[in-house]
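Just so you know, residue 1 is the first one in the sequence shown, and it goes up from there. Here the structure is a predicted model, which means the values were calculated and not measured.
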Amino acid sequence: MDHKQPDQLQHLATDPNSGKDGCPSYYATDDGRFVVQGYKLTSAQARGQLANFPDGEDAVIVTQGLVDLIVAQHLGTSA
């Protein structure tokens with residue numbers, strides 16, 4: 001797995017129901033990967049259920065609205 005950090009991000013989508021906070025959002029990196037911005041998953045119970053969760057990784061919460069936009073973008077349709 002490539003752990004190199006990207007230099008540039010291109011904003012692709014934000015959940016249309018996010019209001020003024022602009023979260024969660026979805027970005028493309030300059031090296032062909034993607035970044036999801038969201039509220040950090042802080043529930044100890046939920047975090048304990050994450051599989052193969054090494055140091056250096058984190059988990060964020062995304063909404064169905066953002067997932068729909070991501071899928072639509074990659075299918076070339078509109079959500």
Hey, are the side chains of [X] and [Y] touching, using non-hydrogen atoms and a 4.5 Å cut-off?
X	Y	answer
Leu9	Val35	yes
His11	Gln37	no
Pro16	Leu69	yes

Please find the pair of heavy atoms, one from [X] and one from [Y], that lie closest to each other, and give the distance.
X	Y	result
Val36	Val62	CG1-CG1, 3.1 Å
Ala13	Leu66	O-CD1, 3.9 Å
Lys40	Asp58	CE-OD2, 3.0 Å
Ser18	Thr14	OG-CG2, 3.4 Å
Gly38	Pro24	CA-CB, 4.2 Å

Heavy-atom count around Gln8 CD within 6.0 Å, excluding the residue itself: above 12?
-> no
Nearest-0.5 Å distance, CD1 of residue Ile70 to CG of residue Leu12 | 8.5 Å
Report whether Tyr39 and Tyr27 are members of the same hydrophobic cluster (ILVMFWY, side-chain heavy atoms less than 4.5 Å apart, transitive linking).
-> no
Please check if Leu41 and Phe53 belong to a single hydrophobic cluster, counting links between Ile, Leu, Val, Met, Phe, Trp and Tyr side chain heavy atoms closer than 4.5 Å.
-> yes
Measure the acute angle between the ring planes of Tyr26 and Phe34, then classify it against the limits of 30° and 60° as parallel, tilted or perpendicular.
-> parallel
